[in-house]
Amino acid sequence: DVQLQAYGGGLVQAGGSLRLHCVVSGFARSLEDYAIGWFRQAPGKEREAVSCISSSDDTAYYADSVKGRFTISSDNARTTMYLQMNNLKPDDTAVYYCAADYVWGTRCLNHVNYDYWGKGTLVTVSS
C-alpha cells in the first residue's frame, strides 16, 4: 500500500524556521518517476500549493507566497521529501500535507492531480 506521512510541524514564532519531512513508501514503480508536492490548508480556506518537484525532470516550483523563504528537496530515491521553511509568517499557519503522483511541469502545483496523500502536520506561526 502507498503510504506517506508528514512530520515536523509545531509552534514557531514569526521569523523562525521549521523543517518538514515526509516519508514515502509502497509505490510499485521507482519513486524517482513521481512528482512530490507540499500543500497546505488553513482553517476556513481551500487547500493550496506550497511547492513541488515535477516528475522526471526534478524541476522545483513554488507558490509566489513562499518563494525565497521555502525550499523543497528530497533524497535521491525520493523516499523522503523535505520542506525547509524559513522566515515564517503568521499567514503560513496551516496543516501541511505531502503528496505524490505522476505529474509533469507546473501541474504539480495543483492538488487535484495527486491521488496519494499523507496525513497532515500542523504548523502554527505566532506573531
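Just so you know, residue 1 is the first one in the sequence shown, and it goes up from there.
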Going by atom type alone, with no hydrogens or angles, which donor-acceptor pairs under 3.5 Å involve a side-chain atom of residues 116-127 and a protein atom two or more places apart or on another chain?
{"unit_1": "W117", "atom_1": "NE1", "unit_2": "Y114", "atom_2": "O", "d": "3.2"}
{"unit_1": "T121", "atom_1": "OG1", "unit_2": "G9", "atom_2": "N", "d": "3.0"}

Not counting sequence neighbours, which residues clear side chain to side chain donor-acceptor pair (under 3.5 Å) with D115? List them please.
-> none
Other cluster members, Y61 - Ile/Leu/Val/Met/Phe/Trp/Tyr, side-chain contacts below 4.5 Å | L109
V2, Y102: one ILVMFWY side-chain cluster at the under-4.5 Å cut-off?
-> yes
Any V24 side-chain heavy atom under 4.5 Å of M81 side chain | yes
Can you measure from OG (S65) to CD (E48) and round to the nearest 0.5 angstrom?
-> 5.5 Å
Under the side chain to side chain donor-acceptor pair (under 3.5 Å) rule, collect the residues that match up with D1, sequence neighbours excluded.
-> none
Please check if the side chain of N110 supplies one atom and the backbone of V112 the other of a donor-acceptor pair under 3.5 Å.
-> yes
Qualifying residue for side-chain contact (heavy atoms from CB on, under 4.5 Å) with L83, from I36, V66, L20, L18 | L20
Out of curiosity, W38 CH2 to I72 CD1, how far, rounded to the nearest 0.5 Å?
-> 8.0 Å
Taking a hydrophobic cluster as the set of Ile, Leu, Val, Met, Phe, Trp and Tyr residues connected by side-chain heavy atoms closer than 4.5 Å, whether directly or through intermediates, do W104 and Y34 fall within one such cluster?
-> yes
Mind checking salt bridge (Lys or Arg N to Asp or Glu O under 4.0 Å) for K45 and listing every partner two or more places apart, or none if nothing turns up?
-> none
State the CE-CZ distance between M85 and F70, to the nearest 0.5 angstrom.
-> 5.5 Å
Give the minimum heavy-atom separation between A49 and F39, together with the two atoms involved.
-> CA-CD2, 3.4 Å
Interatomic distance, OG1@T80 vs CG@L4, rounded to 0.5 Å, equals 10.5 Å
Can you run down the disulfide bond (SG atoms under 2.5 Å apart) pairs that involve residues 91-127, sequence neighbours left out, and say none if there aren't any?
-> C22-C98, C52-C108
What residue pairs, at least two apart or across chains, pass ring-ring contact (aromatic ring centres under 6.0 Å, His included) with a residue in residues 6-25?
-> Y7-H21
Just jot down the side chain to side chain donor-acceptor pair (under 3.5 Å) partners of T106, sequence neighbours excluded, or say none.
-> none
Taking all non-hydrogen atoms of both residues into account, name the closest pair between S54 and G105 and its distance.
-> CB-N, 3.4 Å
Keeping to residues at least two apart or across chains, list the side-chain hydrogen bond (donor to acceptor under 3.5 Å, both in side chains) pairs with something in residues 81-97.
-> S17-N86, R40-D92, R40-Y96, R69-D92, Q84-N86
